[in-house]
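Structure, as structure tokens:
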Number of protein chains: 2
Amino acid sequence: MEHCDIRTTLENAGLSKTVQREAVLSTLIRADLPLCARDILVRIGRECRINKVTVYRVLDSFRTAGIVREIPTEHGETFYEMACRHNPTHPHFYCRICRSLACLPSAGIEQKWLQGIRPGDAAIESVVINFTGLCKSCQKRNRTVSV
Amino acid sequence: MEHCDIRTTLENAGLSKTVQREAVLSTLIRADLPLCARDILVRIGRECRINKVTVYRVLDSFRTAGIVREIPTEHGETFYEMACRHNPTHPHFYCRICRSLACLPSAGIEQKWLQGIRPGDAAIESVVINFTGLCKSCQKRNRTVSV
DNA sequence: CGATAAATGCAACCAAATTGCAAATCCTTT
DNA sequence: AAAGGATTTGCAATTTGGTTGCATTTATCG
Ligand SMILES: [Mn+2]
Ligand SMILES: [Mn+2]
Ligand SMILES: [Zn+2]
Ligand SMILES: [Zn+2]
């Protein structure tokens, strides 16, 4: 997969370049699936000194700038993924047991679906389509337990 | 709108009949929009003695029995609505300012959408389609403020 | 380099939801 | 109707994901 350049991304967004922002951004670019704040903190590890609060604030600035997309889940944790041209919007699958989030390969489908919707008077800013259920490994584990 | 019978609903679900369960169920049946645990607690008020924890547990038993649907929101509160035949599944709109949740009148559309999805190995149990943005009154309020 | 605005770290805080356990209630069987 | 066992509830404490206030540090620009 092709990737965005960290410096260019920050510059284009008008965000000042700090080690913490670079660490969060590079973690998200490297990731092959959406990450939550805790994931990011763990992945950065000792790479650079960074606080939990900073991760939240950095993610918020990225979201405001349109660099990342937010994917809220049933359980309450919010996941993040790159919102660049290399990663068009798509639905997600959330496992209610292991609380993992997976991207579903149906890019662009939201736009088609949106046309069937009458939002009334509301000003819609985003659509979240979240499938929930049991992932493959949790299905297996559950089957074994219940038999 | 037609309504379900409280006693029959509980009996069919195999749930014992307690004043607390009846209170929660009747509140949800009466409601004209999805409610969160706190809403339910407030609406029950002095009607019967009920604890916050009980509301959560009752809602959980209702969800397991398929009596209610869960609608998780971006902010972390979970809303609930009747899942009976009088109320087929539909998408929802969530206002990120006033945190209100509204039902969108597009019944049955999720089922159609599901057909376009390749879930891979996952066992899908539910689809949540959540529109987020600003409701009418929050648009107005925001406009006034920013001018 | 120095000034100033912006970003970060830390501790305290918050709201929603969950847990453990004792007391109360429900439901079946006498 | 009373008894007994299983289920449900209330209460206090805890967990979790996230936020706030404020002092310190860092980035950026002249
Ligand atoms: Mn994704
Ligand atoms: Mn609804
Ligand atoms: Zn899983
Ligand atoms: Zn609103």
Side-chain angles (χ1 to χ4, degrees), chain A residues 6-7 9-25 27 34-42 44-65 67-68 70-80 94 96-101, chain B residues 6-7 10-11 13-25 27 34-42 44-65 67-68 70-80 94 96-101:
Chain A
I6 293 182
R7 293 191 178 185
T9 304
L10 288 178
E11 274 168 25
N12 291 350
L15 293 172
S16 61
K17 200 175 56 178
T18 70
V19 278
Q20 289 84 354
R21 277 185 181 149
E22 286 182 340
V24 172
L25 189 50
T27 304
L35 304 176
C36 66
R38 213 160 147 278
D39 295 335
I40 293 170
L41 206 55
V42 169
I44 290 177
R46 284 173 221 76
E47 226 177 82
C48 93
R49 183 188 188 230
I50 189 168
N51 183 270
K52 176 185 75 161
V53 180
T54 306
V55 172
Y56 283 112
R57 290 199 272 229
V58 165
L59 286 171
D60 199 56
S61 69
F62 285 0
R63 185 185 46 76
T64 305
I67 295 176
V68 300
E70 238 180 28
I71 309 149
T73 66
E74 205 152 310
H75 182 68
E77 331 117 283
T78 307
F79 285 74
Y80 296 85
Y94 181 68
R96 66 172 166 81
I97 300 286
C98 68
R99 290 169 192 175
S100 63
L101 190 73
Chain B
I6 294 181
R7 294 191 178 185
L10 288 178
E11 273 168 24
L15 292 172
S16 62
K17 199 176 56 177
T18 69
V19 277
Q20 289 85 354
R21 278 187 182 146
E22 286 181 340
V24 172
L25 189 50
T27 304
L35 304 177
C36 66
R38 216 161 145 278
D39 295 334
I40 293 169
L41 206 54
V42 170
I44 290 178
R46 284 173 221 77
E47 225 177 86
C48 93
R49 185 189 185 227
I50 188 167
N51 183 269
K52 175 184 73 162
V53 179
T54 305
V55 173
Y56 283 113
R57 290 199 271 229
V58 165
L59 286 171
D60 199 55
S61 69
F62 285 0
R63 185 185 46 75
T64 305
I67 295 176
V68 300
E70 238 181 30
I71 308 149
T73 65
E74 207 150 309
H75 182 67
E77 329 119 283
T78 307
F79 286 74
Y80 296 84
Y94 182 68
R96 64 172 169 82
I97 300 287
C98 67
R99 290 170 191 175
S100 62
L101 189 72

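Every heavy atom of this structure was used, including side-chain atoms; hydrogens, water molecules and symmetry mates were not. Convention: sequence-line order gives letters A, B, ...; per-chain numbering from 1.
As a whole-Å value, the separation of B/Arg63 CZ from C/dT18 C1' is 13 Å. To the nearest angstrom, P of C/dC27 lies 11 Å from CG of B/Leu15. When the P atom of C/dC10 is taken as reference, atom OH of A/Tyr56 falls 16 Å away, rounded to whole Å. For the pair B/Asp60 CG and C/dT18 P, the interatomic distance rounds to 7 Å; values are reported in whole Å. At whole-Å resolution of the value, CZ in B/Arg57 and P in C/dT19 are 10 Å apart. In this structure, the CG atom of B/Asn51 is 17 Å from the P atom of C/dA22, given to the nearest Å. As a whole-Å value, the separation of B/Glu70 CD from C/dA16 P is 15 Å. Separating the CZ atom of B/Arg99 from the C1' atom of C/dA16 is a distance of 11 Å, rounded to the nearest angstrom.
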Next item on the list: For salt bridge (Lys or Arg N to Asp or Glu O under 4.0 Å), just list the numbers for A/Arg63 and A/Asp60, CA-CA rounded to whole Å, side-chain angles, deciding distance to a tenth of an Å, and then say yes or no.
Entry: CA-CA 5 Å; A/Arg63 185 185 46 76; A/Asp60 199 56; 2.4 Å; yes
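Phosphate contact (OP1/OP2 of C/dT25, side-chain N/O of B/Thr18, threshold under 4.0 Å): absent. At C/dA7, none of the side-chain N or O atoms of A/Ser61 fall inside 4.0 Å of OP1 or OP2 (strictly under the cut-off).
Along DNA chain D, read 5' to 3', the first and last nucleotides having any atom under 4.0 Å from a heavy atom of chain B are D/dT8 to D/dA12.
Between B/Val58 and A/Glu77, it is B/Val58 whose nearest contact on DNA chain D lies nearer the 5' terminus.
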